[in-house]
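Below is one structure, written out as C-alpha cells, with a few remarks after it.
Along the sequence shown, residues carry numbers from 1.
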Amino acid sequence: MKRLFPEYTYGSGPRSGCWWDETIAAPDWPVLQDDLSVDVAIIGGGFTGVTAALFLGQAGLSVAVLEAETPGWGASGRNGGFCCRGGSKLSDRGMARRYGVEGAESFARAKVDAVNLVADLLEAHQIEADVHSKGETALAHTARAMEKLRRSADDGGCLHEAADLPGLGLGGDFFGGYSVPVGFGLNPRKYLFGIANAAASVGARFFQKTMARDITKTSASFDVRTGSGRIKASNVLICTNGYSSENMPEWLSGRYMPAQSTVLVTRPLTEAEVSAQGWTSDQMSYDTRNLLHYFRLMPDRRFLFGMRGGLRSSPKAEAAIRQKVQRDFKAMFPAWADVDVTNMWSGMVCLTQDLTPFAGPVPGQNGMFAGLAYHGNGVAMGTYCGRALSRMVLGQDAELPEPMARPPRRFPLGSWRRALMPPAYALMALADL
C-alpha cells in the first residue's frame with residue numbers, strides 16, 4: 001500500500017472513541033486464508049463496496065469483499081450519519097458552467113435519487129438504523145450568507161428568517177436558514193451492517209483483515225493478492241475512497257485528496273438542557289461556512305457535532321483538532337458548554353480536483369471499475385455509486401450524470417499534493433468571515 005498520509009492516519013488513533021462502535025456489534029467476518037475464484041472482487045467494505053455486493057449478489061454473481069481492517073472501520077463506520085443531497089463541492093452555478101444546464105440538472109436529480117435509494121434499501125431489507133429528520137437545514141452564519149440563501153432559495157425548499165428559527169426548535173446565533181425536504185439522519189454503522197447482511201444473504205462473501213496488496217491483470221482475469229490468500233476475479237471494484245492507495249491501481253495516483261473530518265457526541269441531554277439552548281428539533285443541520293459544521297440531535301437525545309478542517313495527522317494534531325471541535329461546539333451552543341462530551345473521533349473524506357464524485361471504468365484495465373470522492377456525503381452518494389458500479393459489471397446502463405462519469409484529473413504536485421490544502425483552507429476560512 002502506498003498511502004498519502006502518515007501511518008498514524010490509518011491506525012486506531014483517529015477513530016478511537018467512535019460512538020457508533022458502542023451501538024451495534026460488528027459481524028465476525030473471516031480472514032481470507034486460501035485461494036478463491038469469483039466473478040467480482042471488491043476492494044473496500046464501506047457503503048460503496050457492500051452496496052455493489054448486494055446488487056451483484058442479487059443478479060447471481062459470485063462476490064468477495066475484502067476489508068483491510070475490521071467491519072465498519074473506515075469512513076462508512078465513523079461518519080456523521082447524514083443521508084442527504086451532496087457529493088460535490090461545486091455550486092449549482094459552477095456545475096452549470098462546467099457541464100451545462102442539462103449536466104447540472106442531471107446531477108441534481110442523481111443527488112435526490114441517491115437519498116431515495118438509501119430509503120428504499122432500509123425499507124426493503126428492514127434495517128433498523130435510528131432514522132430521523134425530515135430533510136436538512138442550512139443555517140446562515142453571517143448576514144451575507146443569509147442574503148445568499150435568499151437569492152438561491154426556490155420552491156423546492158423553505159426559507160427561514162432569523163425570527164423563525166426559535167419556533168422551529170433551531171436555537172442558536174444564526175441569521176436564518178433554508179430547509180429542503182430531502183434527506184434524513186441515521187446510524188451509519190447499523191445501515192452499513194444491514195446492507196452487508198443483506199448482501200451475505202444472497203451469497204456475497206466478506207473478509208476482514210484482508211488487505212489487497214497487489215492486483216495483476218492477466219489475459220482473462222485479475223489476480224488479487226492479500227497477505228494470506230489470493231483471489232482470481234473476472235472483475236475488480238475499487239471502493240476505498242479516502243483510504244485509497246496510490247498504487248491500487250496505479251491509475252488512481254494523484255487523482256484523489258483525503259481530508260479530515262472530526263465528530264463529537266455528547267451524553268444524552270435532559271429536556272431542561274434541550275430547552276435551555278432552544279434546540280429541540282431533530283432536524284439534521286449544517287452551517288453555511290466553507291469549512292462547515294454539521295450537527296443534529298439524535299433520537300436518544302445525544303447531540304452530534306462535527307466539522308471539517310484537520311490538515312495533519314499525528315497524535316499531537318489529533319489532540320489539537322479535537323480541542324478545536326469542542327471550542328466551536330461550545331461557542332455555537334453555549335448552553336451546553338458544560339455538558340460532557342463522551343465520544344470523539346476523526347476520519348477521512350475524499351475530494352477530487354473537479355470537486356465531483358466518480359464512478360466508472362479504470363482506463364486501460366478492462367473489467368476494473370472505481371467509485372470514490374463523495375466530498376463528505378458518502379451515505380447516499382456512496383450507496384448510489386455502489387449500485388452504479390454493479391450495473392457496469394452487469395453490462396447495464398449505470399444511468400450516471402455526466403459530472404460523475406468523467407474520470408478525475410490528477411492534482412498538481414503528485415504525492416506532495418497535500419501542500420495544496422493549507423492555502424486552500426486559509427482562503428476558505430477568510431471567505432467564511
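Side-chain contact, Tyr243 with Thr9: no donor N or O sits under 3.5 Å from an acceptor N or O. Side-chain atoms of Ser152 and Asp154 include no donor-acceptor pair closer than 3.5 Å. Using a 3.5 Å distance cut-off with no hydrogens or angles, the side chains of Arg296 and His132 do pair a donor with an acceptor. Side-chain contact, Ser261 with Tyr294: a donor N or O sits under 3.5 Å from an acceptor N or O. Under 3.5 Å, the side chains of His141 and Asp432 contain no donor-acceptor pair of N or O atoms.
Within the structure, salt bridge (charged side-chain N to carboxylate O under 4.0 Å, His left out) contacts touching residues 11-24 (residues at least two apart or in different chains) are Arg15-Asp21, Asp21-Arg189. Pairs of residues two or more places apart, or lying in two chains, that qualify as side chain to side chain donor-acceptor pair (under 3.5 Å) and include a residue from residues 375-401 are Tyr191-Thr383.
Note on Glu69 versus Lys209: salt bridge recorded, some NZ/NE/NH1/NH2 to OD/OE distance being below 4.0 Å. Salt-bridge check for Lys190 with Asp130: passed, with a basic side-chain N closer than 4.0 Å to an acidic carboxylate O. Checked for salt-bridge contact, Lys324 and Asp328 meet the test: a charged N lies under 4.0 Å from a carboxylate O.
Under the salt bridge (Lys or Arg N to Asp or Glu O under 4.0 Å) rule, Asp354 has a single partner from Lys89, Arg255, Arg409, Arg410, which is Arg409.
Listed by chain and number, the residues in a side chain to side chain donor-acceptor pair (under 3.5 Å) with Ser234 amount to none (sequence neighbours excluded).
When all heavy atoms of Leu237 and Ala52 are compared, the closest pair comes out as CD1-CB, 3.7 Å. Scanning both residues, Trp29 and Ala196, for their nearest heavy atoms gives CZ2-CB, 4.0 Å.
Aromatic ring centroids of Phe295 and Phe333 lie under 6.0 Å apart.
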